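Note that the coordinates shown come from a computational prediction; the quantities given were computed from them, not determined experimentally. Chain A is the first sequence line, chain B the second, and so forth, proteins listed ahead of strands; every chain is numbered from 1.
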There are 2 protein chains.
Amino acid sequence: MTCAESEPALTPADQKSPLITLTDVAAEAGVGESTVSRVLRNHGSFSEKTRAKVMAAVEKLGYVPNKIAGALASTGSPLVAIIVPSLSNIVFADVLSGVTKALEAKGHQAVFAVTDYDPAKEEALVAAVLAWRPAAVMLVGLEHTDGTRRMLHASGCRVLELLDIDGEAIDIAVGFSHHEAGRQTAARLLESGYRNIAYVGHDLKHDMRSGKRFAGFLEGLANAGLELAEQEIRDAPSSVSEGRAGLADVLSRGRPIDAVYFSNDDMALGGYFHCLAERISIPDQIALMGFNALDICRHTPQPIASVFTPRIETGRRAAELFLEGAPSQVVDLGFTIVAGATI
Amino acid sequence: MTCAESEPALTPADQKSPLITLTDVAAEAGVGESTVSRVLRNHGSFSEKTRAKVMAAVEKLGYVPNKIAGALASTGSPLVAIIVPSLSNIVFADVLSGVTKALEAKGHQAVFAVTDYDPAKEEALVAAVLAWRPAAVMLVGLEHTDGTRRMLHASGCRVLELLDIDGEAIDIAVGFSHHEAGRQTAARLLESGYRNIAYVGHDLKHDMRSGKRFAGFLEGLANAGLELAEQEIRDAPSSVSEGRAGLADVLSRGRPIDAVYFSNDDMALGGYFHCLAERISIPDQIALMGFNALDICRHTPQPIASVFTPRIETGRRAAELFLEGAPSQVVDLGFTIVAGATI
DNA sequence: CACTTCAGTGGCAGCGCTGCCAAAATTTTC
DNA sequence: GAAAATTTTGGCAGCGCTGCCACTGAAGTG
């Protein structure tokens, strides 16, 4: 739960002037401390004349309020913790943007950390951020260690789980169903007449959500009495190169393949590049389908078919729900299959 | 400097149990508060027996130390603020990863914010983060408003400016010279025999660093007595679609062009897609050169020539310098021109 | 054996702010 | 014009922790 880590080296720059405090401002303005506090937070009542005096003193002294002290004195904290699996995937950066944009307008500050898709690290990071007594903790996905869950419950702060709704939410979940996305993708491919379908994916053990899509996809095929013609699951994070190598591998096996479902757009883009390089005609010889509908895949010579996911919206909505003090709930923001030129 | 924004709504979840404090742990363990504090921070001396008692109490009560209180009591703060222009550009996400990875090992916590390339917003965000009394503030680039500089100076905390060294640093700067990168890119293109060179760029007013590369590039051409054959500067953030449209535009003007320098790899990738779509042969008909050496551009059918920039390394190094308490300095991490199949 | 030494410990005063309460100033009311 | 209602204000006790200092008792010293 708590480990005695060795001290972080604190501010090395020695404070030249002992920083201005609220008391200094009060003295300068010739009013009481609480009055300054009220004016600065625009909270409670005070006269216009007082406000002017205080603001003048603040300006003159270059006072910057100390939120650390403020947060300690008032019990609530304006901090929101955001813990994401990775930043190299644009998906999480999008979520982060959405969250911070909605938060900053309300005077909240984001503290954040990256888990590298490691649940144990997530647990450690949750412990670390809880020490800051955040008003809310945002996590990606619904899968967490028991320790993480326990700490989160005990902390009493709001918990927002993002980008997934397939499972049990701790408090609020905002996202969409990956399982359903996988299912519908399969349905769409079948509708278009493809029957020899391959899957090229990445590291399922760590990326739970791509695993859920894969399961949904298989279910979609099974419903039509079909199964995957080929599959290649790379033991690495998703990337263009893995996607390219993965498709190359699948095709090298010689079995006829008329469509390929990739675990996401990075992988699909790699597959697309493989086809371009090998002069494999798309979609005549082979159809490609990705996931996320990244901007980049909309601007390839032939736009790659994909599934649009509301990433920024997920972040924004989560922040809003938290700000509103919404009750525990699961918000399904849905997804949209976008046809490209590749199916 | 400071504005009276209206209150953020604080923790809406009502604390069920008045959270465990260090005093509770001390009582449970039958020792003094300072002893618990010493054990938990592994600081000062205490017996193994005491340590065990304290840890047992911590475990039993599920105590999570309150760093807000800790930071207030000790003057230094283990918070580091990171302010980036954007998150949609992978470059800044990389820097962020580098920074947080190096920081978390040392018990520091990152707080972060996004400016959207707006210096005024940067100033507001600096004011906001300074209220958390961070041990360091990390910013991208060397261009800041006077207000930002003034606040940063007055704060007395370390200031790290990342990804640029062409200019006056406030405290520590870590990065490389964009001007020089532009110059060397021009030299390289000239070396390869190209003479009818075009530039396709994005929004220079906001992205200072791409402006510096452009200036360096022009200088490189001028040194050889040349100037740009064509140029197209999009009034938008860099993206694949802008790059594609930009190149299309330049080529439509009918002037012979044998090489194109793009403001970055996103733009270059767009240009590459345009060539693929229009069956323009690369590099026979036209050579392409980007900037950043993104992974994705290394895996296109023909790898796109680019300039590798040490992004994660910049973040890591900056964090290390801060942790070491290094003196003010400018660290040039350099860059590397990487040949692709497109020049 | 009286002396110093020092690891191990507890007490308590803040850190800079907010929240509460009561006092003071102002306005309203009859 | 005095009383009542209201607005504005200041004082001060914490928030939960750390840093300092003083204290303990066991070990080391001559």
Among the nucleotides C:dG10, C:dT9, D:dC15, whichever has the atom closest to the side chain of B:T50 is C:dT9

Does A:S45 place a side-chain N or O at less than 4.0 Å from the phosphate oxygens OP1/OP2 of D:dT7?
-> no

Please determine, for the side chain of B:A73, which listed nucleotide (D:dT9, D:dT18, C:dT18) has the closest atom?
-> D:dT18

Please check if any side-chain donor atom of B:S34 sits under 3.5 Å from a side-chain acceptor atom of B:S37, or the reverse.
-> no

How close or far is atom P of D:dG10 from atom CG of A:L22, stated in whole angstroms?
-> 12 Å

Could you give the CD1-to-P distance, from B:I20 to D:dC17, as a whole number of Å?
-> 11 Å

Which word best sums up how the rings of B:F322 and B:H108 line up, parallel for under 30°, tilted for 30 to 60°, or perpendicular for over 60°?
-> perpendicular

Phosphate oxygens OP1/OP2 of D:dT18: is one of them under 4.0 Å from a side-chain N or O of B:S37?
-> yes

Phosphate OP1/OP2 of D:dG19: any B:R41 side-chain N/O under 4.0 Å | yes

Check the distance between C:dG16's P and A:L19's CG and give it to me in whole angstrom.
-> 8 Å

What's the closest nucleotide to the A:S34 side chain, out of D:dC20, D:dG11, C:dG16?
-> D:dG11

Between C:dG8 (C1') and B:R51 (CZ): distance, integer Å = 14 Å

B:W132 CH2 to C:dG16 P, straight-line distance once rounded to whole Å | 16 Å

Atom CZ of B:F46 and atom P of D:dC23 are separated, to the nearest Å, by 24 Å

Nearest listed nucleotide, side chain of A:R38, among D:dC20, C:dC20, D:dG16 | C:dC20

Which listed nucleotide (D:dC17, C:dG10, D:dC12) is nearest to the side chain of B:A69?
-> D:dC17

Which residue, B:R150, B:E123, B:E122, forms the side chain to side chain donor-acceptor pair (under 3.5 Å) with B:T145?
-> B:E123

Given D:dC17, D:dG10, C:dT18, which nucleotide is nearest the side-chain atoms of A:E33?
-> C:dT18

NA contact type, B:S47, heavy-atom cut-off 4.0 Å: base, sugar-phosphate, or nothing?
-> sugar-phosphate

Separation of D:dT8 atom C1' from A:K53 atom NZ, nearest Å, is 11 Å

Shortest non-hydrogen separation from B:Y117 to B:H206 and the atoms involved | CD2-O, 3.4 Å

For A:A173 and A:I165, the nearest pair of non-hydrogen atoms, with its separation, is CB-CG2, 4.5 Å

When you get a sec, tell me which of D:dT9, C:dT9, C:dG19 is the closest nucleotide to the side chain of A:H43?
-> C:dG19

A:K49 NZ to C:dA25 C1': how many Å, rounded?
-> 11 Å

